[in-house]
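Quick caveat: nothing in here was measured; it's all calculated off a predicted structure. Computed over heavy atoms, backbone and side chain alike; hydrogens, waters and symmetry mates excluded.
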Amino acid sequence: MRNRSILDEARQIDLAIELIRLGARLQVLESETSLSRERLLRLYKEVQGKSPPKGMLPFSADWFLTWQPTIHSSLFMGGYRHLIEHCKLDRIDALVRGYRLYLEQIGAFGLDCKLSLTRAWILIRYLESGLLRTTPCRACGGLFVTHAQDLHDDFVCGLCDVPSRAGKTQIAVATL
Ligand SMILES: [Zn+2]
């Protein structure tokens with residue numbers, strides 16, 4: 001049993017509650033807090049009123065590269081990196097604040113949430129590990145999530161070159 005101050009434990013509980021409210025899966029909580037699995041399970045049930053979902057996390061890297069998820073992921077990463085680089089937040093605080101920022105932004109645009117907090121957490125890990133990276137669009141200059149191994153000299157993002165299959169969501173997202 002680790003020896004921890006009450007204040008530190010309170011901070012860990014606050015962080016876990018915030019992550020649970022934002023929709024974090026149990027694996028995220030276990031990775032990002034020092035609370036035991038038993039305590040996290042109890043906390044999750046108290047906050048959400050139900051047990052956490054079981055099963056694998058959505059680990060597919062390809063998901064981030066499909067049209068709408070790329071736009072949502074890139075929007076989130078823009079805020080996250082700003083918080084890390086300019087506000088000097090640590091990773092977990094930047095994840096929480098960056099995710100709130102993302103929710104505010106898509107809310108302002110009237111878009112549905114495509115990127116769950118758990119997926120945002122996985123995205124950060126994939127970018128840190130070099131599986132994915134961000135690439136500037138040659139048309140708008142924005143940074144977008146792409147596969148690390150693809151060639152990107154002539155990359156055009158999904159907002160500047162909207163796929164025709166995008167259909168009626170095209171208008172809503174094109175105002176981003
Ligand atoms: Zn673009």
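- Under the 4.5 Å side-chain contact rule for hydrophobic residues, L127 and L83 do not share a cluster.
- Between F76 and Y102, the ring-plane angle classifies as perpendicular under the 30° and 60° cut-offs.
- Note that CZ of R11 is 9.5 Å distant from CG of D14, once rounded to the nearest 0.5 Å.
- Side-chain atoms of L29 and R37, non-hydrogen and from C-beta on, never get closer than 4.5 Å to each other.
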Under 3.5 Å donor-acceptor pairs involving side-chain atoms of residues 46-59, not counting sequence neighbours:
unit_1: Q48; atom_1: NE2; unit_2: I20; atom_2: O; d: 2.9

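- Across all non-hydrogen atoms, the minimal contact from D93 to D90 is N-OD1, 3.1 Å.
- Counting heavy atoms from C-beta outward, L40 and L26 have side chains that approach closer than 4.5 Å.
- Interatomic distance, R42 CZ to L35 CG, rounded to the nearest 0.5 Å: 11.5 Å.
- Taking 4.5 Å as the limit, some side-chain heavy atom of T70 sits within range of a side-chain heavy atom of S74.
- Criterion: ILVMFWY side-chain heavy atoms under 4.5 Å apart, direct or through other members. Under it, L43 and L95 are part of a common hydrophobic cluster.
- Side-chain contact between Y80 and L123 is absent, with no heavy-atom pair separated by less than 4.5 Å.
- Inter-residue side-chain proximity for R81 and T134 is flagged as met; some heavy-atom pair is nearer than 4.5 Å.
- With contacts defined as side-chain heavy-atom distances shorter than 4.5 Å, the pair L143/M77 does not qualify.
- Here the side chains of S31 and V28 are not in contact, with every heavy-atom distance at 4.5 Å or above.
- A distance of 6.5 Å separates CZ in F144 from SG in C160, rounded to the nearest 0.5 Å.
- Cation-pi geometry between R119 and W121 is not met at under 6.0 angstrom from the ring centre and within 45 degrees of the axis.
- Look at R133 and E128 and you find no salt bridge, because none of the NZ, NE, NH1 or NH2 atoms lies under 4.0 Å from a carboxylate O.
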